[in-house]
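As structure tokens, the structure follows; a few thoughts come after it.
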Protein chains: 2
Amino acid sequence: MAREYYTITELTREFDISTRTLRFYEDEGLIQPLRRGRTRLFRPSDRHLVKQIMRGKRLGFSINEIREIIKMYDEPPGEAGQLRLLIKRIEEKRSDLRQKRRDLEETLAELDQAEESCVERLAELGVNT
Amino acid sequence: MAREYYTITELTREFDISTRTLRFYEDEGLIQPLRRGRTRLFRPSDRHLVKQIMRGKRLGFSINEIREIIKMYDEPPGEAGQLRLLIKRIEEKRSDLRQKRRDLEETLAELDQAEESCVERLAELGVNT
DNA sequence: GCTGCGATTGACTTTTACGTAAATGCCGTG
DNA sequence: CACGGCATTTACGTAAAAGTCAATCGCAGC
């Protein structure tokens with residue numbers, strides 16, 4: 001079954017980050033772990049947030065952008081106008097991500113090219129030696 | 001036909017960056033435009049490099065990572081050992097990019113989810129009002 | 001009660017990736 | 001030729017995202 005709570009060091013190990021980083025994310029309001037005394041207790045939901053943060057980081061989003069994205073996963077607002085605004089912002093993020101996907105595919109294609117050149121070059125060398 | 005040379009401001013407009021940024025990339029050795037006197041002349045190849053740099057940036061690569069990637073597109077080295085090393089490093093970058101692609105798809109999926117919730121919520125509201 | 005370990009807070013430092021300002025060069029036009 | 005406009009260099013500044021360090025706390029085991 002899923003764990004009750006995680007300690008800060010458990011999460012630092014799992015995600016290969018420092019305690020300082022997790023505390024920084026808390027200061028930034030990205031996560032709000034519970035406390036027993038002064039010790040942080042990370043719930044599975046906190047852990048999932050950290051996972052989302054790390055994903056965002058790998059994709060090159062800033063803390064502010066990650067904050068925005070995470071907020072989008074929250075309960076949707078009750079008012080129609082707010083909802084439409086949120087949908088618009090979600091669509092913006094998605095088009096941002098689709099741009100990233102194009103960038104990614106192009107970069108992968110160029111790396112494929114580069115590797116092929118290397119392999120060819122290596123084959124030539126193999127013949128001559 | 002393709003342009004001979006681009007001025008610095010042409011490129012700043014095309015890529016929506018500052019002259020400072022282009023000079024910074026030159027300081028960092030990412031590009032080496034020609035000179036007429038002290039004025040920089042950007043060749044199509046320089047322009048293509050800038051394009052690659054911007055792609056790397058959008059994907060969250062640091063200047064150093066971008067430098068590494070760009071070097072991989074250069075002429076492959078002549079020595080077999082070097083070639084094998086380069087191939088290994090290219091493969092590492094590709095697995096890096098594939099991780100980013102997974103991150104990207106997961107984030108897109110979660111945003112889809114979020115948008116769906118919004119649309120549903122909006123439909124409910126539409127019924128009740 | 002002491003020791004050691006892990007956790008906490010707070011303050012200060014560092015790195016990256018530029019921004020900004022000041023002073024100056026170059027050059028085409030009226 | 002002087003002016004506007006773009007370009008250059010040098011120098012210093014800054015925001016984001018942590019890293020590092022020091023002092024302290026709480027608790028388990030001896």
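In this model, the phosphate group of dT8(D) is not approached by any side-chain N or O of Thr19(B) to a distance below 4.0 Å at OP1 or OP2. OP1 or OP2 of dT9(C) lies within a sub-4.0 Å distance of a side-chain N or O belonging to Arg35(A). For dT8(C), the OP1/OP2 oxygens have a side-chain nitrogen or oxygen of Arg23(A) closer than 4.0 Å. Neither OP1 nor OP2 of dA17(D) sits under 4.0 Å from any side-chain N or O of Tyr25(A). At the phosphate of dT8(D), OP1 or OP2 sits under 4.0 Å from a side-chain N or O atom of Arg40(B). In terms of phosphate contacts, Thr7(A) brings no side-chain nitrogen or oxygen within less than 4.0 Å of OP1 or OP2 of dG6(C).
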Q: Might you work through the side-chain hydrogen bond (donor to acceptor under 3.5 Å, both in side chains) test for Thr9(A) and Thr12(A), ending with a clear yes or no?
A: CA-CA 5 Å; Thr9(A) 30; Thr12(A) 63; 5.4 Å; no

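Looking at heavy-atom distances under 4.0 Å, Ser18(A) makes contact with sugar-phosphate atoms alone, never a base. When heavy atoms are screened at a 4.0 angstrom cut-off, Ile17(A) is found touching no nucleic acid atom at all. Across all strands shown, Ser62(B) has heavy atoms under 4.0 Å from sugar-phosphate atoms exclusively, and none from any base.
Judged by a 6.0 Å distance limit and a 45° cone about the ring axis, Lys57(B) is not positioned over the six-membered ring of Phe15(B).
Put simply, CG on Leu30(A) is 13 Å from C1' on dA18(D), counting in whole angstrom units. Between the C1' atom of dA18(D) and the CE atom of Met54(A) lies a distance of 12 Å, rounded to the nearest Å. Rounded to an integer number of Å, the gap from CZ of Arg20(B) to C1' of dA22(C) is 14 Å. Look at CD1 on Ile53(A): it is 13 Å from C1' on dA17(D), rounded to the nearest Å. At whole-Å resolution of the value, CG in Asp27(B) and P in dT9(D) are 8 Å apart. Note: CG (Leu22(B)) to C1' (dA17(C)) measures 13 Å, nearest angstrom. The distance from atom CG of Leu11(B) to atom P of dA7(D) is 10 Å, rounded to the nearest whole Å. In this structure, Ile66(A) places its CD1 atom 12 Å from C1' of dA16(D), rounding to the nearest Å.
Ionic pairing of Asp112(B) and Arg94(A) is present here: one or more N-O contacts between side-chain nitrogen and carboxylate oxygen are shorter than 4.0 angstrom. Taking the charged nitrogens against the carboxylate oxygens, Glu26(A) and Arg35(A) do have a contact shorter than 4.0 Å, which makes a salt bridge. With salt bridges taken as basic N to acidic carboxylate O contacts below 4.0 Å, one links Arg101(B) and Glu105(A).
For Lys57(B) and Thr39(B), each mapped to the nucleotide of DNA chain C holding its nearest heavy atom, the one lying further toward the 5' end belongs to Lys57(B). Both Leu41(A) and Arg38(B) lie close to DNA chain C; mapped to their nearest nucleotides by heavy-atom distance, the more 5′-ward contact belongs to Leu41(A). Both Glu26(B) and Ile63(A) sit near DNA chain D, but only Glu26(B) has its closest nucleotide nearer the 5' end.
Set against dA17(D), dA7(C), dC18(C), the side chain of Ile8(A) has dA7(C) as its closest nucleotide. Nearest nucleotide to the Phe24(B) side chain, out of dA11(C), dC6(D), dA17(C): dA17(C).
Between the side chains of Asn64(B) and Glu68(B), no donor-acceptor pair of N or O atoms lies under 3.5 Å.
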